[in-house]
Amino acid sequence: MQMVQPRDQRGRFAQGDGSSPPGKTAEQRGLDEYADQNDVTVVRDQVAAKVDGGNPNGRKYDGLVDNGDGTWTAIEVKSGGASKTADQRIFDDIVNSGTPATARLNGEQIKITDVVGVRMPTEVP
């Protein structure tokens with residue numbers, strides 16, 4: 001299993017002892033709940049997605065779900081008062097309007113055709 005360095009609420013690599021950064025526990029719970037509620041397996045690899053007209057640096061999602069038809073759904077979890085950035089909203093709107101994003105997962109190119117959001121409450125330490 002590949003070790004993933006923790007990230008902070010803005011997606012940056014977190015510093016310190018490797019304990020869960022703010023929002024990371026909520027992200028994990030959000031992906032768990034999405035998987036349970038939709039009876040799907042969530043891939044938790046953060047891949048860099050790109051789409052024409054979106055941020056040229058791309059976008060990372062918290063999870064992915066294989067739609068079974070060669071396309072994928074991306075999941076973005078937000079907790080507490082966190083919200084999508086303007087670039088994230090534009091990127092997601094482009095994907096949800098019918099222009100697939102592309103990414104590489106385990107060395108294979110994938111198409112992301114849908115983006116869903118999961119809202120989690122503020123974490124309590």
Side-chain angles (χ1 to χ4, degrees):
M1 182 174 182
Q2 178 183 2
M3 293 295 293
V4 177
Q5 184 176 357
R7 295 178 181 269
D8 67 14
Q9 288 177 308
R10 298 180 79 187
R12 300 173 300 197
F13 289 111
Q15 303 297 317
D17 64 3
S19 61
S20 292
K24 198 64 174 172
T25 302
E27 176 187 309
Q28 293 167 353
R29 283 192 352 259
L31 294 175
D32 289 344
E33 285 186 20
Y34 185 87
D36 291 344
Q37 291 171 358
N38 295 281
D39 195 28
V40 294
T41 299
V42 174
V43 176
R44 294 159 192 258
D45 297 1
Q46 288 193 342
V47 297
K50 301 228 177 203
V51 68
D52 288 338
N55 184 330
N57 294 321
R59 166 140 172 48
K60 292 190 177 182
Y61 292 103
D62 298 317
L64 297 164
V65 174
D66 186 343
N67 295 327
D69 63 358
T71 66
W72 293 74
T73 294
I75 305 167
E76 177 68 22
V77 179
K78 294 293 184 188
S79 64
S83 60
K84 290 182 183 181
T85 66
D87 281 343
Q88 289 174 329
R89 284 191 303 275
I90 290 167
F91 195 105
D92 295 352
D93 287 348
I94 292 169
V95 172
N96 284 333
S97 70
T99 302
T102 58
R104 293 196 81 71
L105 178 64
N106 300 322
E108 299 289 323
Q109 184 168 303
I110 63 169
K111 283 186 179 182
I112 298 169
T113 57
D114 191 32
V115 179
V116 296
V118 175
R119 169 64 56 191
M120 296 301 292
T122 302
E123 290 184 59
V124 178

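In this chain, residues are counted from 1 in sequence order. Just so it is clear, the model here is predicted, and its values are computed rather than measured.
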With a 4.5 Å limit on heavy-atom distance, are the side chains of D87 and R59 in contact? no

Quick one, K50 and N57 - any side-chain contact, counting heavy atoms below 4.5 Å? no

Please determine whether a side-chain nitrogen of the Lys or Arg among E27 and R29 lies less than 4.0 Å from a carboxylate oxygen of the Asp or Glu. no

Can you find a pair of side-chain heavy atoms, one from N106 and one from D45, that are under 4.5 Å apart? yes

N/O donor-acceptor pair under 3.5 Å between R119 side chain and G30 backbone: no

Does the side chain of V115 reach to within under 4.5 Å of the side chain of Y61, using non-hydrogen atoms? yes

Are V51 and T102 packed together at the side-chain level, in the sense that at least one heavy-atom pair is separated by less than 4.5 angstrom? no

Does the side chain of K78 come within less than 4.5 Å of K84's, by heavy atoms? yes

Side chain to side chain donor-acceptor pair (under 3.5 Å) filter on D93, not counting sequence neighbours, yields none

ILVMFWY network linking I94 to V47, side-chain heavy atoms under 4.5 angstrom: yes

Evaluate the criterion side-chain contact (heavy atoms from CB on, under 4.5 Å) for residue pair W72 and L105; output intermediate values, then yes/no. CA-CA 11 Å; W72 293 74; L105 178 64; 3.6 Å; yes

Can you tell me how far CZ of R89 sits from OG1 of T85, rounded to the nearest 0.5 angstrom? 7.0 Å

Taking side chain to side chain donor-acceptor pair (under 3.5 Å) as the definition, give me every residue that meets it alongside K111, ordered by chain and number, with sequence neighbours left out. none

Would you indicate whether D69, at its atom CG, is surrounded by more than 12 heavy atoms from other residues, nucleotides or ligands within a distance under 6.0 Å? yes

Atom of A49, atom of A101 and distance for their closest heavy-atom approach: CB-CB, 4.2 Å

Which of these, L64, V65, D62, sits in a side-chain contact (heavy atoms from CB on, under 4.5 Å) with I75? V65

Check residues 31-43 and write down every donor-acceptor pair under 3.5 Å in which the side-chain atom is one partner and the other belongs to a residue at least two apart or another chain.
from, atom 1, to, atom 2, distance (Å)
D32, OD1, R44, NH1, 3.3
D32, OD1, R44, NH2, 2.5
N38, ND2, Y34, O, 2.9

Separation of D114 CG from N96 CG (nearest 0.5 Å): 5.0 Å

Give me the atom names and distance for the closest heavy-atom approach of T113 to P100. CG2-CB, 4.1 Å

Contact between T71 and I112 at the side-chain level, heavy atoms closer than 4.5 Å - yes or no? no

